[in-house]
Amino acid sequence: MARFTVITFGCQMNSHDSERIGEVLRGAGHSEAAGLADADLVLLNTCSIREKAEQKLRSEVGRIAQLKRERPGLTIAVAGCVAQQEGESLLKRMPEVDLLLGPDNIPELPRLLLEAEGAAAPVVRTAFDLEAPHFLAAAAEPGRTPVSAFVTVMKGCNERCTYCIVPHTRGPERYRPSREIVDEVARLVAAGAREVTLLGQTVNSYQAPLKELGPAPGAGEAPWQHTRGLRAREDESEFAALLRAIAAAVPGLLRLRYTSPHPRHLTVSLIRAHQELQVLARHVHLPVQAGSDRVLRRMLRRYSAAEYEERVAALRAAVPGVTLATDMIVGFPGETRDDFAETLELVRRVGFSLIYGFKYSERPYTAAVNLGDDVPEAEKAARLAELIELGDGMRRQLMSEQVGTRQQVLFEGRGKTGALRGRTERSEIVHAAGPESLIGSLCQVVISGSYKNSLLGEIPGVVAEGPAPRAPLPRAAGPARSLPVVPS
Ligand code: SAM
Ligand code: SF4
């Protein structure tokens, strides 16, 4: 039996997969190593969304290959999107790798490891489970289950955004039966989870695979002025029905979130669910990618800036105070300064609590390869810096507006200083001094200060116990650059 360590690159979905990888390996009798130094198996769970992520993998494999030369018994496995994307050709560039497996092949890992042990050549398994999709449920264990947990509702993506490699690496959309989803949420809550985030690439395009969910309130109502095309005019309601089914079946769940929805599936029924379900957080991550219709068309996002804003306005009218986060790509092929100015204008009009900004990165197997990567790197960097500065100012403003207000905070654990760390329903991070017993509870917190990316709070009636959070830093002069940009 091997001692293993998993190194994760990329998004929440990959982190979630890595946890399932750990559970599958522990279930087969393997145990977790303290680190690389005492591991017999190193599994790299990879991301290929931007080129930088692949470069990181290459340098990491190089570092581990060095270890393998000293310890020939070390097994190197590469899982996730790069394994799926490159398959055997990856082995030519990284001959030290013993096993390659795609995102859908995690359940087969123990058997594949046995195969790799006796094999003369590396083992490759990157088949999509199209006929009988399998969704690994998280092990629900009191003491191990986090306060904030993730549950997969679908995998793959049927969109064809011209810059994006995900449809190639994750395959077509496959949906999980709603009964399985509700059961997993219930088991996690019974084991101590209080918040669940539903995961899917276009999570709100969810369809119940057994047609087991009836229409939700709002189904068929689509007042959007700007929506074109029959498919976009439909108001699908199955995702809203799923949210309602979870809320009804799991009363112990305190907060429900989902990521990432596609704007064209932000339907009336989903807005109605936000209006009526207390459990739904007052925050939505709604990637817009660009503010220029010309660029949105070339990206094949299938909405215009006006349509995005119209849907956002309807959500805001129904859910006062809801905050929005978004993803933006700068320097998409053919993006002019004027196009980019439209992106900044959209950001100013909509107002986001958080912007994940990315420089366009050309990816193999995507349609945008044919458009050419024609925005110079320096120009991409300049546009990203401008976007960051704008988003940063908005975020700072939003944070400072919270000072003096009372917020409901769900405490998830302790932060670096040892103070309690939690989130408001609008997703702002809050630090406050308080006892262990509050972890997993919703508390009224008075916001007493704001940091760059989080808030400082006091819990009325609670005698401060344990380490206190650090005081907010005085603001430095000059343009701030605090808007988080996800490392690729
Ligand atoms: N499915 C989600 C959606 O539709 O918004 C997002 C999936 S992707 C993992 C996360 C983000 O990466 C995207 O929203 C996009 O902003 C960014 N991204 C995807 N492909 C990219 C590329 N080729 N270059 C730069 N950023 C990219
Ligand atoms: Fe990629 Fe577009 Fe699918 Fe999101 S919706 S995963 S950006 S193809």
Side-chain angles (χ1 to χ4, degrees), residues 8-17 45-55 80-82 84-85 103 152-174 197-206 232 239 258-266 284-291 295-303 308 311 324-333 335 343 346-347 352 354-375 377 380-381 383-384 387-388 391 484-488:
T8 309
F9 300 79
C11 63
Q12 262 161 349
M13 226 161 271
N14 264 16
S15 306
H16 187 66
D17 285 350
N45 193 15
T46 60
C47 167
S48 59
I49 199 84
R50 281 165 290 276
E51 198 186 358
K52 237 192 206 162
E54 269 186 74
Q55 285 164 356
C81 290
V82 178
Q84 187 71 43
Q85 171 197 317
T152 304
V153 306
M154 62 176 288
K155 52 183 170 181
C157 180
N158 286 354
E159 297 293 321
R160 288 293 175 271
C161 304
T162 53
Y163 51 81
C164 184
I165 197 169
V166 167
H168 179 80
T169 56
R170 296 268 170 171
E173 289 180 14
R174 282 142 292 158
T197 303
L198 305 179
L199 286 179
Q201 287 297 348
T202 54
V203 68
N204 53 343
S205 71
Y206 175 81
F239 183 63
Y258 54 85
T259 196
S260 289
H262 191 288
R264 75 190 187 91
H265 298 289
L266 177 59
V284 180
H285 181 109
L286 193 66
V288 61
Q289 314 297 359
V295 173
L296 287 170
R297 261 195 311 276
R298 285 158 66 88
M299 287 178 162
L300 202 64
R301 284 296 286 179
R302 303 195 228 207
Y303 52 80
Y308 180 90
R311 291 187 188 228
L324 291 175
T326 200
D327 293 350
M328 288 282 191
I329 296 177
V330 299
F332 182 75
E335 185 192 66
T343 289
L346 179 130
V347 170
F352 294 102
L354 186 56
I355 299 174
Y356 294 94
F358 307 104
K359 288 186 278 182
Y360 170 71
S361 164
E362 189 176 88
R363 301 286 54 220
Y365 313 107
T366 62
V369 166
N370 301 321
L371 301 174
D373 187 2
D374 59 356
V375 179
E377 190 54 31
K380 285 183 190 169
R383 290 181 195 179
L384 184 61
L387 178 66
I388 288 172
V485 173
V486 168
S488 41

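For ligands, and for the atoms within them, numbers begin at 1 and follow the listed sequence. Fair warning: this is a prediction, and the values are worked out from it, not measured in the lab.
A salt bridge is absent between R301 and E159: the closest approach of a Lys/Arg side-chain nitrogen to an acidic carboxylate oxygen does not fall below 4.0 angstrom. Between D374 and R298 there is no salt bridge, since no side-chain N of the basic residue sits under 4.0 Å from a carboxylate O of the acidic one. A salt bridge between K155 and E173 is absent, with no side-chain N of the basic residue lying under 4.0 Å from a carboxylate O of the acidic one. Using a 4.0 Å cut-off between a side-chain N of Lys or Arg and a carboxylate O of Asp or Glu, K380 and E335 do not qualify as a salt bridge.
The shortest heavy-atom contact between V288 and L296 is O-CD2, 3.5 Å. The nearest pair of heavy atoms linking P261 to H285 is CD-O, 2.8 Å.
Atoms of ligand 2 lying under 4.0 Å from at least one heavy atom of T202, given by number and element, are 5 (S). In summary, the atoms of ligand 2 found under 4.0 Å from a heavy atom of C157, numbered by their order in the structure, are 3 (Fe), 5 (S), 6 (S), 8 (S). The contact set between ligand 2 and P167, taken as ligand atoms under 4.0 Å from a residue heavy atom, comprises 8 (S).
Side-chain contact check for S48 and E54: no donor-acceptor pair (N or O, by modelled atom type) lies under 3.5 Å.
Looking at atom 1 (Fe) of ligand 2, its nearest protein heavy atom turns out to be C164 SG, 2.3 Å. For atom 20 (N) of ligand 1, the closest non-hydrogen atom of the protein is Y163 CD1, 3.3 Å. Looking only at protein heavy atoms, the nearest one to atom 4 (O) of ligand 1 is R301 NH1, 3.4 Å. Ranking the protein heavy atoms by distance from atom 18 (N) of ligand 1 puts R50 NH1, 3.4 Å first. For atom 9 (C) of ligand 1, the nearest protein heavy atom (residue, atom name, distance) is I49 CD1, 3.6 Å. Looking at atom 7 (S) of ligand 2, its nearest protein heavy atom turns out to be Y163 OH, 3.4 Å. The nearest heavy-atom contact from the protein to atom 25 (C) of ligand 1 is K359 O, 3.4 Å. Closest to atom 11 (C) of ligand 1, if we only count protein heavy atoms, is D327 OD2, 3.4 Å. Counting protein heavy atoms only, atom 15 (C) of ligand 1 is closest to Q289 OE1, 3.5 Å. Closest to atom 22 (C) of ligand 1 among all protein heavy atoms lies S361 O, 3.6 Å.
Closest heavy-atom approach to atom 6 (C) of ligand 1 within the set M299, H262, Q201: this belongs to Q201.
The residue from T202, L198, L266 that alone fulfils the side-chain contact (heavy atoms from CB on, under 4.5 Å) condition with F239 is L198.
A distance-only check finds a donor-acceptor pair linking the side chain of R311 to the backbone of R264 [under 3.5 Å].
With 2.8 Å as the limit, C161 counts as an N, O or S neighbour of atom 2 (Fe) of ligand 2.
Annotation: R363 places no N or O atom under 3.5 Å from an N or O atom of ligand 1; distance criterion only. In terms of polar-atom proximity, S260 is not counted as a contact of ligand 1, lacking any N or O under 3.5 Å from an N or O of the ligand.
Using a 4.5 Å cut-off on side-chain heavy atoms (C-beta onward), V347 and M328 make contact. No side-chain heavy atom of Y360 sits under 4.5 Å from any side-chain heavy atom of V330.
The aromatic rings of Y308 and Y303 lie tilted to each other, with the angle between the two planes from 30° to 60°.
Residue F358 touches ligand 1 through its side chain alone, judged by heavy-atom distances below 4.0 Å.
Contact between R301 and ligand 2 is present, with at least one heavy atom of the residue lying under 4.0 Å from the ligand.
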